[in-house]
Visitor: 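Dropping a structure here in structure tokens format, bear with me for questions.
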Amino acid sequence: MKIKKFNPVKSVRQKYLTLGVTLYLFTSNAWAALPTSSEDVLPDGVTADKPADALLGMASWGAQVMAYLLMIGAVVGGGYYVFKAFGEANDTKGGWGAFFGTLVATIIMIAVVVALGLIVVEWAGGLSDVTVGAGGG
């Protein structure tokens, strides 16, 4: 068995392109337009004095985005499997039984994922009301 040499950049054009992008990213011109103050980046109402609230707000936003992405993925993936089973239903004898089984399982899966996703979105939306502060009563 012969081991081939790993060479991810094959042509001279790719080498120059990679070198140019690397040099651009590591020079100050690429970073000049980025915000310099934390108030430019953080959501409204969150200041640099309250980093825990900022972290909580970002976690809330991240949980909501992930819940929406999982719901969209479930719907698209379920639709793919239903259309795949529909295409195979005519090709095989008794294929319609498998198609309806796939259809019912997909509908149940989508309903459960969307319901749990909406619960996570509601829960994460309530995290913005939480205030993190020093204890002591």
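A quick note: this is a predicted structure, and the numbers were derived from the prediction, not measured. This chain uses plain numbering: 1 for the first residue, then up along the sequence.
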Visitor: Take a 6.0 Å sphere around CH2 of W96 and say whether it holds more than 12 heavy atoms from other residues, nucleotides or ligands.
Guide: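 Yes.
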
Visitor: Working to the nearest 0.5 angstrom, can you tell me the gap between N90 CG and F99 CZ?
Guide: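 Those atoms lie 10.0 Å apart.
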
Visitor: Nearest 0.5 Å please: distance from the CZ atom of F100 over to the CD1 atom of I107.
Guide: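 With rounding to 0.5 Å, CZ (F100) is 10.5 Å from CD1 (I107).
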
Visitor: Count I, L, V, M, F, W, Y as connected when their side-chain heavy atoms are under 4.5 Å apart, and connections chain through other members. Are W61 and L69 then in the same cluster?
Guide: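 In one cluster: yes.
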
Visitor: Search all heavy atoms of V120 against all heavy atoms of A63 and return the closest pair with its distance.
Guide: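 That would be CG1-O, 4.0 Å.
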
Visitor: State plainly whether one hydrophobic cluster holds both V82 and V113, where clusters connect Ile, Leu, Val, Met, Phe, Trp and Tyr through side-chain heavy atoms under 4.5 angstrom apart.
Guide: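 No, V82 does not connect to V113 through the hydrophobic network.
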
Visitor: Is there a side chain to side chain contact (heavy atoms under 4.5 Å, CB included) between L118 and M71 once you walk through the steps?
Guide: CA-CA 9 Å; L118 291 175; M71 288 187 285; 4.2 Å; yes

Visitor: Between S60 and A124 (side chain of the first, backbone of the second, donor and acceptor by atom type, cut-off under 3.5 Å), is there such a pair?
Guide: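 The answer is yes, because a donor-acceptor pair under 3.5 Å joins these two groups.
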
Visitor: Locate the shortest heavy-atom distance separating T102 from Y81; write the atom from each residue and the value.
Guide: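 Scanning both residues completely, I find the closest heavy atoms to be CG2-O, 3.9 Å.
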
Visitor: Hydrophobic clustering (ILVMFWY, side-chain heavy atoms < 4.5 Å, transitive) - are V114 and V121 grouped together?
Guide: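 Yes, V121 and V114 fall within the same hydrophobic cluster.
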
